[in-house]
Amino acid sequence: MITRRQTMALMGATLASGMVGKGHAETDSLADRVAAGELPAMADRLPKVPRVVNLAAMGREPGRQGGTIRSLIAGQRDVRYMPVNGYARLVGYDMQFNLQPDVLERYDVVTDREFTLYLREGHRWSDGSPFTAEDFRFFWDDIANNPEVYPDGPPVEYLVNGKPPVFEVLDERTVRYTWEDPAPEFLPNLARPAGLRVMVPSAYLKAFHPRYGEPAAIEAAVAENSVDDWIALYQKLSRTNRPENPVLPTLEPWIPRTAPPADQFIFVRNPFFHRVDENGVQLPYIDRHVLGVSSAEIITAKTATGESDLQMVGLDFADYTLLKQAEDIHSIRVNLWKRTQGSRVALAPNLNCSDAGFRAMMRDVRVRRAMSLAVNRDEINLALFYGLAVPSANTLLPDSPLYKPEYAQAYASHDPDEANRLLDEAGFQERNASGVRLLPDGRPANIIVESAGESTLETDVLQLIRDHFREIGLAIFPRSSQRDVFRSRALGGEVVMSVLGGLDNGVATADMSPAQLAPTLDDQLQWPLWGMHFLSGESKGEAPDLPEAQKLLSLFKDWRMSETTEERAAIWASMLEINADQVFTIGTVNGSLQPVVSAGWLKNLPDVALYGYDPCSMLGVYMPDTFWSEKAP
Amino acid sequence: MSLWRYILWRVLAMVPTLVMISALVFLIIELPPGDYFESYVAELRALGEASDLAEIEQLRERYHFDEPLLVRYLYWAGGMLTGDFGYSFEYRLPVSEVVGDRLWLTILVSFVTIIFTWVIAFPIGIYSATHQYSVGDYGLTLVGMIGIAVPNFVLAIVLMYFANIWFGTSIGHLMDQRYLGEPMSWDKFKSIMEHLWIPVIIIGTAGTAGMIRRLRANLLDELQKQYVVTARAKGMKPLPLLTKYPLRMALNFFVSDIGSILPSIISGAEVTAIVLSLETTGPMLIRALQSQDMYLAGSFLMFLALLTVIGMLISDIALAFLDPRIRLGGESTK
């Protein structure tokens, strides 16, 4: 099943590889190592059929190699943005969120059950070792199905209806996964910002596996890394989501060169990266990425003084004026991207709250609708977003093909009278002397709204909502705590209502998983226990006992079994409709803007784009490997 | 009591003190509900890093998180005695590796700050005491008061801004970003010197004001005593008189301060360090406490406790030399 797009890509690739063969200029920063014989020449480092990125066709300029990009991170842990931004996946999204082969040369799918993956000939890991089917086999046989590592069989992400796939190696460059039931999540999982791992650099990691490695060497490595056994050693050395092991071979455009702890992390170009531009120049263009560790408090200030060449993390819309002013002084460019969250700030009444009185109140759909109707979204938009965001319920953005205006407008108008009527109808007519409604047990409806305390924006929004809620006889008391403490409190049922960001992926397509709309995760603060129940394979938490939540969960399970995109779109629609109707979370505004600052000399960074983790993979889908420096020679 | 017996007794008293402190430290970092793992697991899930979960389970077992409090305490305390300070969950490294360079930079900042404080505070304190109620006294006292009254973080932001506008100094940190993690070089040293004065002034001003006040008050007490009046009446020159007798007496407080200098060298001025994003140990301690990275936090707190106890010992011994009344205090009364 080769699509037209793929065929074109293949044709382009063949042409380009011909040009590469004719001896295109060697990368300057690697020329010495090539001359010294440490590295093969560029034509031999690339796979026989590299992935050709046609920049002109994307409306971008093909560029030159060289240069360094400096960015700031708020803590050591944020090196995890690097593989998210690098976004070299077996299969990845393009800028329109269509799946396309990236590391893979191509893939075949038969009825969503059988997935055949074809590797590129001559593709190598960053250390020069060949990337072959063996890397998949080693992972599947010796790690995922190793009872020492996973006593209960392969991790749940590889299972469909509890059953693992049949894995076959067809030849050195072809592998196949076959499930009994449809596995629509397989390819999207590979394309996730933190992609599902189905292969590892086996040549490097085998040395630490008892079946292949020298026992004495493994023991020495275990001691040196101060871990307990080879499993912990393997996990420590093979981690890719946080690239902390500079020796681990990778397929990403930049490879880490710093082991923590450190105050700055240096990433250098991967000489074996598999993408080239239309002129046959190997990507990435930029030689080095330097991530400086700063405190979150001064990232904006440092960015405004031109100390970061590419910065998004740590900036907020409130910093826009400062940054824009700095544009005149330093050579930086400030763009505004649109955030993909379903709501910038949303309220989540906890349906699993352990306090019976409040739980009954929060479970009453009339109360949730009343709270949503009470929120004056226009005021929030004007006061905090200069009117540049869009008042909306917590749902998808218009950029999603699944968007319908009725979802965004459901209970999203400002109608305190109707809200009061709904609350009266729900049985909360009694009020105390200060006008706060009383619960049936006589306590005033003083609702404590908790937040992780990381964003002042949340506090500002709550200040406004507090006044809105007073009009309908509800009193809210914002309380910020520490994210860690906050989450465990929520799971313990001690939180009545919390404030958080809305749906992560506001630009979903039907083929993306609708898990965020159903109780599937324990950090969904409107129903943490139900989410935990699903997440833990029904061993922890509680089963949902609200019909609408049960319905969402069964729809989500249907989606996982679905075979066609039409079917999936229909399921998405039902799930969105239930969420809109039931107001499980109370959205405020979405489509708010995110400042993205780049150095004046940085080319090819889009001026207008979507900003988000899922599915954009931050910069990932915009291919930072195609950014280049005008200053480079 | 002889001086040596006094010192021996003080050293022995340190042992039960440290045991009690360690128990308290452990109890306090255990107090908040939940542990680092709970929150961390939730975060990993949210980020799709579920493959790391198995590692967390192992860490949890390895560090005996399923055992009762007392057992965990004994493991922790026992580990420290053998030089194993535990594991930083946040950094996923042994605690001893995490601290690294930061210790030296912290000592540098604190040491320079202490010198700065002394150099500024001493002359001003003496001047204020000897010229009580003069214009200079009021003026300098006012400056000192401003140093106390203005919160350090405000001062930090203001200084950072002007240093950037006037001198082009990069915002925050102890050096330009490009020297972070680089080996020491002349350029790096220059960069450190260029940045060092900001935290030194900020942290120093608060301490300076306090020290001026105390020196002034103590000195004033002494200056009014009979022996000073007598010496002055007999025609002794003012400067030798001042430095030979009253100033020495007024220094008692200064010597007892030495005890708290040692821990402040390590922990000094966390808020300033956070605002300025300095590569010192202060921000690391605060982050560790916030994220319940308990071994890292615990090790820091124990280290501070140890330094306090040693500092106190030093200042007690120094005081015993300076003022025999203290050493003999237990036996004879005046």
Side-chain angles (χ1 to χ4, degrees), chain A residues 70 72 75-77 80 149-150 155-157 189 192-197 226-229 231-232 235-236 238-239 241-242 244 258 260-266 290 292-295 297-299 301-302 304-305 307-308 482-489 491-492 504 521-523 535 613-614, chain B residues 32-36 38-55 58-59 61-62 87-88 90-94 97-102 153 157 160-161 164 168 170-173 175-182 273-279 283 287 290-292:
Chain A
R70 298 167 303 158
L72 301 168
Q76 258 185 168
R77 297 161 72 173
R80 63 180 167 219
V149 187
Y150 295 108
V156 63
E157 297 162 289
N189 275 347
R192 270 187 334 214
L196 179 66
R197 268 189 117 179
S226 49
V227 287
D228 280 348
D229 49 19
I231 301 170
Q235 271 152 355
K236 180 168 182 181
S238 69
R239 188 182 296 128
N241 288 324
R242 266 213 258 168
E244 289 176 343
T258 317
D263 294 312
Q264 71 175 354
F265 287 82
I266 296 175
V290 180
V293 182
S294 254
S295 64
E297 289 79 7
I298 62 168
I299 285 186
K302 282 182 89 79
T305 52
E307 287 183 49
S308 172
Q482 191 64 39
R483 175 177 289 278
D484 323 336
V485 184
F486 170 55
R487 285 203 181 165
S488 53
R489 279 171 51 77
L491 271 174
D504 259 344
L521 283 172
D522 62 347
D523 60 355
L535 187 70
Y613 180 73
D614 189 14
Chain B
D35 57 50
Y36 182 78
E38 276 177 31
S39 51
Y40 189 56
V41 165
E43 192 185 330
L44 283 180
R45 284 216 180 95
L47 290 165
E49 295 182 32
S51 53
D52 289 354
L53 291 181
E55 184 187 349
Q58 284 182 338
L59 283 175
E61 241 171 66
R62 178 166 184 195
Y87 188 84
S88 162
E90 178 144 1
Y91 291 88
R92 302 202 213 176
L93 284 172
E97 282 180 38
V98 172
V99 179
D101 269 1
R102 288 182 173 247
F153 74 93
I157 293 170
M160 210 153 62
Y161 175 79
N164 181 260
S170 64
I171 298 278
H173 295 286
M175 62 198 87
D176 271 350
Q177 200 94 32
R178 63 176 176 276
Y179 297 117
L180 292 174
E182 295 286 304
I274 288 178
V275 173
L276 292 176
S277 192
L278 301 183
E279 295 78 33
R287 258 198 80 78
Q290 281 176 334
S291 61
Q292 293 184 292

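Quick caveat, the model's predicted, so the values are computed rather than measured. Protein chains get the first letters and strands the later ones, always in sequence-line order, with residue 1 at the start of each.
Using a distance-only test at 3.5 Å, with no hydrogens or angles considered, no donor-acceptor pair links the side chain of A:Glu307 to the main chain of B:Ser170.
For a residue to count as touching a neighbouring chain, one of its non-hydrogen atoms must lie under 4.5 Å from one of that chain's; by this rule B:Ile157 does not touch chain A. Contacts of A:Leu72 with chain B are made by side-chain atoms alone, with heavy-atom separations under 4.5 Å and no backbone atom involved. Heavy atoms closer than 4.5 Å to chain B are found nowhere in A:Asp614, neither backbone nor side chain. Using a 4.5 Å cut-off between heavy atoms, A:Ser294 touches chain B through backbone and side chain atoms alike.
Rounding to the nearest 0.5 Å places OG1 of A:Thr305 at 9.5 Å from CE of B:Met160.
Judged as a side chain to side chain contact (heavy atoms under 4.5 Å, CB included), and not counting sequence neighbours, the contacts of A:Ala262 are A:Thr258, A:Phe265.
Closest approach of B:Leu276 to A:Ile298, counting heavy atoms only: O-CD1, 4.0 Å.
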